[in-house]
Every structure is written in structure tokens, then in C-alpha cells.
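Quick note: numbers below take in every heavy atom, side chains included, and nothing from hydrogens, waters or symmetry partners.
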Amino acid sequence: MSQFPEIDKLNDAARAARDKCEAKLRETLPPGRRVDIKAGPEWIGPYEVQEYQRFSFGQIALKNIETGVERRVGYGQVRVAKE
């Protein structure tokens with residue numbers, strides 16, 4: 001603990017919330033899941049979710065299935081691809 005117990009409590013709560021959010025993200029979009037990316041008004045894809053990087057909170061590593069190009073985007077920019 002630091003010399004600021006009030007801030008420590010808030011930081012612990014924020015960390016717990018972030019960890020819970022990250023666990024749900026990884027459960028919802030596991031590696032191998034196909035997704036599309038929001039690019040302006042359009043959805044482009046298909047992309048495949050890659051292994052999650054350490055300390056990549058809210059970020060998803062993706063690989064374009066057709067071209068092999070890799071990119072990293074925030075979870076808010078993706079949707080599950082239509083089969």
C-alpha cells in the first residue's frame with residue numbers, strides 16, 4: 001500500500017473491473033473467432049482473432065484471412081463476422 005489509502009482503494013477497484021472486462025472480452029472473442037472491423041461507415045473483413053498480447057487491455061490482435069495482414073484494434077471497432 002502507498003501513503004494514499006483512499007487512492008489505493010480506487011485503484012484496486014479499477015484493476016478488478018479492468019480484469020473482469022478483459023476476461024469477458026477473451027471469452028466473447030476467443031482466438032480463432034472471425035470478426036469484421038469498422039472502417040468509417042463500412043465493415044471490412046474477414047479477420048481472425050489472434051492470441052491476446054500481455055498488457056493489451058481492450059485491444060485485439062487480428063489477422064486478415066485473405067491477405068495475412070495483421071493489425072491491432074480496440075474491441076469497440078469489431079463485430080462478430082456473419083457466417
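Every residue two or more places apart in sequence or in another chain that forms a salt bridge (charged side-chain N to carboxylate O under 4.0 Å, His left out) with R79 is listed here: D36. Partners of D8 by side-chain contact (heavy atoms from CB on, under 4.5 Å), not counting sequence neighbours, listed by chain and number: M1, S2. Remark: R54 engages no residue in a side-chain hydrogen bond (donor to acceptor under 3.5 Å, both in side chains) (not counting sequence neighbours). With sequence neighbours excluded, no residue satisfies side-chain hydrogen bond (donor to acceptor under 3.5 Å, both in side chains) with N11. Scored by the side-chain hydrogen bond (donor to acceptor under 3.5 Å, both in side chains) test, D19 finds no partners at all (sequence neighbours excluded).
Linking ILVMFWY side-chain heavy atoms closer than 4.5 Å, directly or via other members, places V35 and W43 in two distinct hydrophobic clusters. A chain of hydrophobic side-chain contacts below 4.5 Å, direct or via other Ile, Leu, Val, Met, Phe, Trp or Tyr residues, connects V73 to Y47. A continuous path of hydrophobic side-chain contacts links V49 to V80 [ILVMFWY only; heavy atoms under 4.5 Å].
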**Message:** Set out, in order, the CA-CA distance, both residues' side-chain angles and the distance that settles side-chain contact (heavy atoms from CB on, under 4.5 Å) for D12 and K9, then state yes or no.
**Reply:** CA-CA 5 Å; D12 290 345; K9 289 178 191 174; 5.8 Å; no

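Other members of the cluster containing F4 are I7, with ILVMFWY side chains joined at under 4.5 Å, either directly or via other members. Clustering of Ile, Leu, Val, Met, Phe, Trp and Tyr by side-chain heavy atoms under 4.5 Å joins V69 with none of the others.
Each salt bridge (Lys or Arg N to Asp or Glu O under 4.0 Å) pair with one or both residues in residues 42-53, not counting sequence neighbours, would appear here, but there are none. Every pair passing side-chain hydrogen bond (donor to acceptor under 3.5 Å, both in side chains) that includes a residue from residues 24-35 is listed here, sequence neighbours excluded: E22-R26, K24-E27.
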Using residues 56-65 as the side-chain source, report each donor-acceptor pair under 3.5 Å to any protein atom, sequence neighbours left out, with the distance given to one decimal.
| from | atom 1 | to | atom 2 | distance (Å) |
| --- | --- | --- | --- | --- |
| S56 | OG | Q53 | O | 2.7 |
| N64 | OD1 | E66 | N | 2.8 |
| N64 | OD1 | T67 | N | 2.9 |
| N64 | OD1 | T67 | OG1 | 3.4 |

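Closest heavy-atom contact between I44 and A39: CD1-CB, 4.0 Å. Smallest separation of non-hydrogen atoms from P41 and K38: O-NZ, 3.6 Å.
For the pair L29/Y52, a side-chain contact is recorded, criterion being any heavy-atom separation below 4.5 Å from C-beta on.
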